[in-house]
Protein chains: 2
Amino acid sequence: MSRPKTATADLIYERLEGLVAEGRFADGERLDEVRLAAEFGVSRTPLREALRLLANAGLAEFIPNRGTFVRQPDFTRLVEMFEVMAELEAWCARLAAHRITSAELLLLRQAASLCERALGQKDYHRYYDENAAFHGIIYDAAGNGFLAEETRSMQRRLRPFRQAQLFAVDRLDRSMEEHRQILAALEARDAPKAEDLARAHLRIQSVVYQQLRG
Amino acid sequence: MSRPKTATADLIYERLEGLVAEGRFADGERLDEVRLAAEFGVSRTPLREALRLLANAGLAEFIPNRGTFVRQPDFTRLVEMFEVMAELEAWCARLAAHRITSAELLLLRQAASLCERALGQKDYHRYYDENAAFHGIIYDAAGNGFLAEETRSMQRRLRPFRQAQLFAVDRLDRSMEEHRQILAALEARDAPKAEDLARAHLRIQSVVYQQLRG
DNA sequence: GTCATCAAAATTGTACACAATTTTTTCCGT
DNA sequence: ACGGAAAAAATTGTGTACAATTTTGATGAC
């Protein structure tokens, strides 16, 4: 099972993504291709691919023959982004409550355990991964492969903006408790409850983010 | 107001998008960079950018050092895609019912008129644009800029797969009637109704698509 | 005959050069 | 001094060459 090595353009993209999320660029700032290429020690060819990815993710605007300009999300925009993510999560949870199989429920229970274990060991990076796995199972259980893909994609796009709050430890205990409630709702096939819980689960994160930033 | 000229990479992307939607490539087929570059009469540099855009849109998979492989959506996938689009439209409509301003309602009425006029003149290409404008107003009226962007983006991604059914003339009359109903629901600020109407509006399109393809 | 190994070919990845375009500066007329 | 046109500089767009990697095919051991 050979993992696909990520091309340099993707690596550059991730670094740029991080820089934008850190607020290292002013809103509307032009991302100079030659300067950044030199900074990253690569040529303009892969850098340009990274810039297009950045624009495609909504973190920059690519204007032909003019350049690509960063779109620094302001607080309002961040709230909007998390609101959309929350709604996607909620929809996945609602569908999953109807369609989830017993095998998937088993996987979900295991994933919840792995989350708890990682949390107990204070291995927050692993917790991040296990948490993503937990949610991923719900996406898949929704029974709409495209929705699962889009939700994962959105999760990935929001990732750089979640780093801060994800490692706020006191938040994690609450997160775990919410996982348990979501799991219970899915087991009970209580779609409205699962939907509301999933929505609230992420809604809170945006509030926490607000506290950390503001 | 100088429109930004689209770069060749974007043009190539649109052509590839069309080819995939037409089913010109088999699922999993590798998109040979040199062959396609020659075919489109460009070099590999812009073609590669187009391929990455294609992968980013979910129409292909880009595997480093291996190539990009088309992901021909099967019927199930198409239904899933339209289902997601329908839900986004529904959400926008629900939010819009709460938040839409009288100025936006005026715009919406005008947009609906322009749709009817285009339909009356059997100018289907203009109808397509006016129809997109009508829906775009609702996206904006939802009051979540990010959601509006994402919905527009999704609409754009689905476009190549809608061409067929959009020009099925008998469908258009029904579409117009649904526009009127949606407009009425928004004017009455009846969120549940607006949501359901918007969802049904697009749901039907996927069914029509089924008829045309199958 | 099957498998492993290695060479050859094909393909993707990237640097670089130059073309096309935009932005900045200079210079001139008023 | 102020605009405006033209030249110069800077920046993006793309073709091409070559490097890195993967795939294919040949060869030989067992």
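Note: hydrogens, waters and symmetry copies are ignored here, and every other heavy atom, side chains too, is used. Numbered from 1 within each chain, the chains take letters A, B, ... in sequence-line order.
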Would you kindly say whether B:Y13 and B:E49 are connected by a side-chain donor-acceptor distance under 3.5 Å?
no

Measuring to OP1 and OP2 of D:dT16, would you say a side-chain N or O of B:R44 lies under 4.0 angstrom away?
no

Take atom CD1 of B:I12 and atom C1' of D:dG15, then tell me their distance rounded to the nearest Å.
14 Å

Considering only heavy side-chain atoms of B:T45, the closest of D:dG13, C:dG13, D:dG15 is D:dG15

Over how many whole Å does the gap from A:L36 atom CG to C:dA15 atom C1' extend?
17 Å

Proximity to the side chain of A:D32 - top-ranked nucleotide from D:dT23, D:dT11, C:dA15:
D:dT11

Work out which heavy atom in A:A142 is nearest to a heavy atom in A:R99; give both atom names and the distance.
O-NH1, 2.7 Å

Candidates D:dG13, C:dT12, D:dT12 - which lies nearest the side chain of B:N65:
C:dT12

B:R48 CZ to C:dA15 P, in whole Å, measures 12 Å

Check the distance between D:dT12's C1' and B:D10's CG and give it to me in whole angstrom.
13 Å

Taking the six-membered ring for Trp, are A:H179 and A:Y127 parallel (under 30°), tilted (30 to 60°) or perpendicular (over 60°)?
parallel

Between C:dT12 atom P and B:R52 atom CZ, what is the distance in whole Å?
13 Å

Using whole Å, what does the distance between atom C1' of nucleotide C:dT23 and atom CZ of A:F69 come to?
11 Å

For B:F62 and D:dT22, what is the distance between atoms CZ and C1' respectively, to the nearest whole Å?
14 Å

What heavy-atom pair brings B:V34 and B:R44 nearest, and what distance separates the two atoms?
CG1-CD, 3.6 Å

Would you say A:R30 places a side-chain N or O within less than 4.0 Å of OP1 or OP2 belonging to D:dT12?
yes

Separation of B:R66 atom CZ from D:dT23 atom C1', in whole Å?
9 Å

